[in-house]
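Each remark here refers to the structure printed beneath this line.
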Amino acid sequence: MLADTLTRSLTDVLERPDLRVIADGLVPILDVSLFLPFRIEGALEPGQPFSLQTATLKLGEPCLEAPRLAPTFLRHAIELMRLLEPGANPYLASFAAARVAALFHALDTGHVAPLPAWLAVFSDNVPDVPALMQSWETLSAFLPDLPSFTQHEAQRLEGVLTRLWPVLAPAESLMSSGGDSRLAVDPHTGLNRYSSSHRPRPWAITFGSSTASSLSERGFGGAEAARRGMMSALLAKQDPDLVQEGVVRRAREAIGAHFGLPEDAVLLSASGTDCELAVLALVAAGTERPVTSILLAPDETGSGVPLAACGRHFATDSACATLVGKGEVIEGFSPETRLIGVDIRAADGTARPVAEINAQCADLVRREVAEGRHVLLHRLDQSKTGLAAPDMDLVWELCTELGDQLSVVVDVCQARLSPLRVAEWVGRGIIVMITGSKFFTGPPFCGAILLPSAIRSRLPSLLLPKGLRAYGNRDEWPEGADASALNNGHNIGLALRWYAALAEMDALFALPDPVIRGRLARFMTEAVAMVKARPALTMLPMGTPFDDGRWDAVPTILSFLVEDPHAPGRPLALEDARRLHRWLNADLSPWVMEGEGSLLCVLGQPVPVPHPLVDGPAGALRLCAGARLVSGEPSHEGLDEERRLQRECMDARRVLGKLELILKHWDVLLDADPVPRYAPLS
């Protein structure tokens, strides 16, 4: 990135994957004679456009003197240049960029230097007028000469900043908001409770798309581009509510376009579990009968889904930052809602025959309808281990037989289905729940519901439960939805998470179906052979999707049990499998002196599976193919398809090699219990 030779520490800063994406072509110059952190040089006359093509960004001696502050200084400089380019007020742009830089600094983990006072003032609440005046004495030096900053201007900008303050933040900060506590980033590890990051983490080998993925550079760029556009509009004095609503609605429109549906067919929701709640609200509002939810594989869906499926709070906080009582009935939902679970596995852990599941579902649906209840039947496609049930043939049969006494939702939250197939189902009256965070490898907590035309047409007449205010905003729902049951806020974090997922979807679906299918099949064939070749691993049967030639006929979740190192022939119990999963994603080099102990590896979180030799459930880990495996990542640039797929297969072997290393050193690691972190310890 630099024309000059730098110290190694500053070079490392400039090569950070997050900063490399944000810089996107900007080339700073090191000037050791500059005693400021940075300076932007170029025309900045009132009324004249500021051009990145003619401007110069110089990094000064403080970047070398305080390398732990260098990332913050560079982030500050880049943000300021990006905000100035569309012609923003330079005073407002300076304060906004300082706010973004201060929050960016707080995201770094480990030992970081404290912020200088002129930047620390932007870490908390909006600075008052004296603080703005004082900070300008430093901030003004980063720009070409400007007219004096007056107290009158400071008073005006204090009001502007107050309105914009909640969204003056880096993309990675915004993406960790607008969900429940599972999204919060642990400042000591740089990861959330899914052990994933909203920053690119290219050094980690990731095959965990059945649970969650850290962003790729591509996904991070998608979110950052959307945030940057929003910031430019906000600083151009456009109405903040209209700007944020536009960000959300454009995300809905882009999701719909991938499925051949209009914006009003897309309802955004913070997660797959939040989707479940919104679906129940829509179904219950459209019938006078009490609702029975028939839920497939409740132990292989999200942990909160059974609660959401009967209208209860499924966590202690909600997407709209509201504290709620977990397990309590949500206001406006009926306590008479009934939940019936249908197991997808037998007591010994084997998959039940689909014909058996079909028969049970049909009996339950007909029984509940006969009792005067409206049935919401869930088809799961797919479970956490790649299974699907009941058959769509049964679904169509029951729809024809029972008419408006039955609603059907297909849980496609794993997103391992062709958009054409999903669009066909929506066209035939089926509700579909999707996420961008599983197969598509977007960040966790981006859900959506695709609504058939019949529901869209009657939406204005439906009275929704008032408790939805804790979970959804007006702009996330189609036009005509009951506004009194929804917030007037804007979940920018949710929207940006979707923009990250949409960048991955765009790259995937730019490829023809046969190419997608071929790459998935090639990798999964190799992965199955790798697992079968290791005596310590026992592969679980994979799903057998319907095959009509589309790419989704390839099973992409490979689940396996791991032999307990202290009990040959017995698989790891669930808690031990969770330990193994954590240690795979941790740098083990301080405790393991052989092999690739420092390698960070991500697999799908262990799923509880019944097993006759284990007291309680065993834990099945999952090696998954996701969208990035097909479309590639920036680090694959220059590799042809054959070499890139060979590299993916080699990476899978490395993951399994580290797994075997953990089993060999189990007792040592049990004492140390290493913790996953954003980057290796080195």
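Just so it is clear, the model here is predicted, and its values are computed rather than measured.
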Checklist entry - Does the salt bridge (charged side-chain N to carboxylate O under 4.0 Å, His left out) test come out yes or no for Glu596 and Lys658, once each step is laid out? => result CA-CA 6 Å; Glu596 290 191 283; Lys658 182 174 180 181; over 6 Å; no
**OP:** Scan side-chain atoms only and decide if Gln646 and Asp640 contain a donor-acceptor pair under the 3.5 Å cut-off.
**Re:** no
So, Asn473 side chain and Glu476 main chain: donor-acceptor pair closer than 3.5 Å or not? no
Nearest heavy-atom approach of Ala169 to Val100 is N-CG2, 3.8 Å
Worksheet item: Do Asp317 and Arg182 have side chains that get closer than 4.5 Å, going by heavy atoms?
Response: no
When rounded to the nearest 0.5 Å, the distance separating CG of Leu603 from CG of Leu580 is 8.0 Å
Sub-3.5 Å donor-acceptor pair from the side chain of Arg82 to the main-chain atoms of Ala23, do we have one? yes
**Asked** Between Tyr499 and Val247, is there a donor-acceptor pair closer than 3.5 Å when you use the side chain of the first and the backbone of the second?
**Response** yes
- Task: Flag the pair Glu253 and Arg250 as a salt bridge only when some basic side-chain nitrogen lies within less than 4.0 angstrom of an acidic carboxylate oxygen.
- Result: no
side-chain contact (heavy atoms from CB on, under 4.5 Å) test vs Glu217 passes for just one of Arg20, Glu224, Arg201, Arg199, namely Arg20
Next on the checklist: Counting the benzene-type ring for Trp, do Phe207 and Phe523 have ring centres under 6.0 Å apart?
Outcome noted: yes
message = Could you tell me if Arg628 and Thr441 have a donor-acceptor pair between their side chains, going purely by distance under 3.5 Å?
response = yes
| Should Ser94 and Leu143 be marked as a side chain to side chain contact (heavy atoms under 4.5 Å, CB included) after you check the CA-CA gap, both sets of side-chain angles, and the distance that decides it? | CA-CA 9 Å; Ser94 293; Leu143 292 169; 3.3 Å; yes
**Request:** Take Phe142 and His76 through the test ring pair (Phe, Tyr, Trp, His ring centres under 6.0 Å) and record every step on the way to the result.
**Result:** CA-CA 10 Å; Phe142 302 151; His76 187 177; 5.8 Å; yes
**Asked** Distance-only, no hydrogens or angles: does the Arg622 side chain make a donor-acceptor pair with backbone N or O of Gln605 under 3.5 Å?
**Response** yes
Query raised in the report: Is a side-chain N or O of Arg39 found less than 3.5 angstrom from the main chain of Ala141, in a donor-acceptor match?
Result: yes
With a 4.5 Å cut-off on side-chain heavy atoms, are Thr56 and Ile29 touching? yes
So CE of Met230 and CD1 of Ile492: to nearest 0.5 Å the spacing works out to 5.5 Å
Rounding to 0.5 Å, atoms CG (Leu681) and OG (Ser598) come to a distance of 9.0 Å
Would you say the ring centers of Tyr91 and Phe149 fall short of 6.0 Å from each other? yes
Between Ala507 and Arg218, the two heavy atoms sitting closest are CB-NE, 3.6 Å
Subject >> Pair Ser216-Glu504, side chain to side chain donor-acceptor pair (under 3.5 Å): steps then yes or no >> reply: CA-CA 9 Å; Ser216 71; Glu504 304 290 2; 2.4 Å; yes
* Asked: Does the side chain of Ser176 come within less than 4.5 Å of Glu172's, by heavy atoms?
  -> no
Requested in this report: Check whether any side-chain heavy atom of Cys601 sits under 4.5 Å from a side-chain heavy atom of Asn585, and report yes or no.
Outcome: no
**Prompt:** Are Arg582 and Tyr194 in a cation-pi setup, meaning NZ or CZ lies under 6.0 angstrom from the ring centre and within 45 degrees of the ring axis?
**Reply:** no
Of all heavy-atom pairs linking Val630 and Leu520, the shortest is CG2-CD2, 3.5 Å
Set out, in order, the CA-CA distance, both residues' side-chain angles and the distance that settles ring pair (Phe, Tyr, Trp, His ring centres under 6.0 Å) for Phe95 and Trp165, then state yes or no. CA-CA 10 Å; Phe95 296 137; Trp165 207 246; 9.4 Å; no
For this session: Could you please spell out the steps behind the side chain to side chain contact (heavy atoms under 4.5 Å, CB included) verdict for Ile78 and Leu26?
Result: CA-CA 8 Å; Ile78 294 170; Leu26 289 178; 4.0 Å; yes
Looking only at heavy atoms, the pair that brings Leu191 and Arg677 closest together is CD1-C, 3.6 Å
- Query: So, Asn192 side chain and Ser196 main chain: donor-acceptor pair closer than 3.5 Å or not?
  - Reply: yes
key: Backbone N/O of Gly208 and side chain of Thr206: donor-acceptor pair under 3.5 Å   = no
Please work out whether the ring planes of Phe440 and Phe509 are parallel, tilted or perpendicular, with thresholds of 30° and 60°.
-> perpendicular
Nearest heavy-atom contact between Pro674 and Leu669 is CD-O, 3.7 Å
So, Arg99 side chain and Phe122 main chain: donor-acceptor pair closer than 3.5 Å or not?
yes
Exercise for review: Verify the distance criterion only: is there a donor paired with an acceptor across the side chains of Glu61 and Ser33 at less than 3.5 Å?
Suggested key: no
Does any non-hydrogen side-chain atom of Lys58 lie less than 4.5 Å from one of Ile40? no
query: What about the rings of His198 and Phe220, do their centers lie closer together than 6.0 Å?
result: no
*Do Lys237 and Leu92 touch side chain to side chain, with heavy atoms closer than 4.5 Å?*
no
For the pair Lys438 and Ser209, evaluate side chain to side chain contact (heavy atoms under 4.5 Å, CB included) and give the outcome as yes or no after the intermediate values.
-> CA-CA 5 Å; Lys438 300 296 192 291; Ser209 63; 5.6 Å; no
Regarding Arg16 and Asp108, does a basic nitrogen lie under 4.0 Å from an acidic carboxylate oxygen? yes
Self-check item: Ser437 (side chain) donor-acceptor with Pro444 (main chain) under 3.5 angstrom
Solution: no
Is it the case that more than 12 heavy atoms not belonging to Gln134 sit under 6.0 Å from its CD atom?
no
Fill in: N/O donor-acceptor pair under 3.5 Å between Asp31 side chain and Gly60 backbone
no
What one should report as the nearest heavy-atom pair of Leu132 and Ala154 is CD1-O, 3.8 Å
Original post:
Do the side chains of Leu215 and Pro443 get nearer than 4.5 Å, heavy atoms only?
Top reply: yes
- Query: Under 3.5 Å, is there a donor-acceptor pair linking the side chains of His490 and Asp241?
  - Reply: yes
Checking side chain to side chain contact (heavy atoms under 4.5 Å, CB included) for the pair Val185/Leu107: CA distance, chi angles, key distance, verdict? CA-CA 8 Å; Val185 174; Leu107 293 170; 5.6 Å; no
Is there a side-chain contact between Arg416 and Cys624 in this structure, where contact means two heavy atoms from C-beta onward sitting under 4.5 Å apart?
yes
Query raised in the report: So, are Arg227 and Glu79 salt-bridged, with charged N and O less than 4.0 Å apart?
Result: yes
